[in-house]
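Values in this document were obtained by computation on a predicted structure and should not be read as measured data.
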Amino acid sequence: MTVQRTRSQKRILNLLQLLNRELSAQDIYMELRSQNQGMGLATVYRALEALKKEGALQARMLPNGESLYSSVQQDKHHLTCLQCGLSIPIEECPVHQLETQLNKSHQFKIYYHTLEFFGLCEGCQQVPATAGDGAG
């Protein structure tokens, strides 16, 4: 079965493959505009959602609620700092075997998985707590 993509979906997918990094919907919108391939922000969101459901791209959500999108190339794992937003990639995949088991036991087609650990990076651990944070 061949997937029929809209022109907007093709542009976004090409952009993500070309840049080979994670981008927010706003970043994609601005990058397309800078390349004179502008489209409305709502169109960007609709195209991203369709591509995600198709398994053509992956998304991961940051602690602030913003999603980052990338072309599907590998599973992604990160340590993400809740204070400064630093996101450190983890190269090992501690859940790959579980993914394979779930795929078989539930007949569930898995496109990708993400694994996020949230906490404080080394730098933010060194910053003293502020007076208004409830610590005492």
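- Taking hydrophobic clusters as Ile, Leu, Val, Met, Phe, Trp and Tyr residues chained together by side-chain heavy-atom distances below 4.5 Å, Leu79 shares a cluster with Leu115.
- Judged purely by atom type and a 3.5 angstrom limit, Gln9 uses its side chain to pair as donor or acceptor with the backbone of Thr6.
- Put simply, Ile90 and Ile88 are part of the same group of oily side chains (I, L, V, M, F, W, Y) that touch within less than 4.5 Å, one to the next.
- Under the 4.5 Å side-chain heavy-atom criterion for grouping Ile, Leu, Val, Met, Phe, Trp and Tyr, Leu32 is connected to Leu41 within one hydrophobic cluster.
- Atom-to-atom distance recorded for Ile28:CD1 and Ser8:OG is 12.0 Å, nearest 0.5 angstrom.
- Contact record, Phe108 with Asn103: O-OD1, 2.6 Å, taken as the closest heavy-atom pair.
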Which is it for Glu31 and Gln35 under the side-chain hydrogen bond (donor to acceptor under 3.5 Å, both in side chains) test, yes or no, and what are the steps along the way? CA-CA 6 Å; Glu31 187 66 34; Gln35 296 178 8; 3.2 Å; yes
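- Environment of CE in Met30: sparse, with no more than 12 heavy atoms of neighbouring residues, nucleotides or ligands closer than 6.0 Å.
- Partner of Leu16 under the side chain to side chain contact (heavy atoms under 4.5 Å, CB included) criterion, chosen from Ile12, Asn14, Leu19, Leu18: Ile12.
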May I have the step-by-step check of side chain to side chain contact (heavy atoms under 4.5 Å, CB included) for Leu51 and Glu54, ending in yes or no? CA-CA 5 Å; Leu51 289 167; Glu54 172 193 320; 4.1 Å; yes
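- Distance check, rounded to the nearest 0.5 Å: OG of Ser70 to CG of Leu23 gives 9.0 Å.
- Within the 4.5 Å cutoff, the side chain of Thr80 has no heavy atoms near those of the Phe117 side chain.
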What verdict does the side chain to side chain contact (heavy atoms under 4.5 Å, CB included) test give for Met39 and Arg11, after you've listed the backbone C-alpha separation in whole Å, the side-chain angles of each residue and the deciding distance to 0.1 Å? CA-CA 10 Å; Met39 65 180 76; Arg11 286 179 181 170; 3.9 Å; yes
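- Note that the CG atom of Leu102 and the CD1 atom of Ile110 stand 5.5 Å from one another [nearest 0.5 Å].
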I'd like to know whether Asp27 forms a side-chain hydrogen bond (donor to acceptor under 3.5 Å, both in side chains) with Ser24, so could you lay out the CA-CA distance, the side-chain angles of the two residues, the decisive distance to 0.1 Å, and finally the verdict. CA-CA 5 Å; Asp27 292 337; Ser24 69; 3.1 Å; yes
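- Without hydrogens or angle criteria, Gln125 side chain to Leu120 main chain gives a donor-acceptor distance under 3.5 Å.
- Across all non-hydrogen atoms, the minimal contact from Arg60 to Glu22 is NE-OE2, 2.7 Å.
- In the hydrophobic clustering of ILVMFWY residues, with side-chain heavy atoms under 4.5 Å counting as a link, Met61 and Tyr69 come out apart.
- A salt bridge between Glu49 and Arg46 is absent, with no side-chain N of the basic residue lying under 4.0 Å from a carboxylate O of the acidic one.
- Under a 3.5 Å cut-off, the side chain of Gln107 and the backbone N or O of Lys104 do form a donor-acceptor pair.
- Heavy atoms only, all atoms of each residue included: Val95 and His77 are closest at CG2-NE2, 4.5 Å.
- Atom CG of Leu15 is separated from atom CG of Asn20 by 11.5 Å, given to the nearest 0.5 angstrom.
- Across Cys121 and Cys84, no two heavy atoms sit closer than the pair SG-SG, 3.8 Å.
- Within the 4.5 Å cutoff, side-chain heavy atoms of Leu13 are placed close to those of Arg5.
- Going from atom OH of Tyr45 over to atom OG of Ser67 covers 8.0 Å, rounded to the nearest 0.5 Å.
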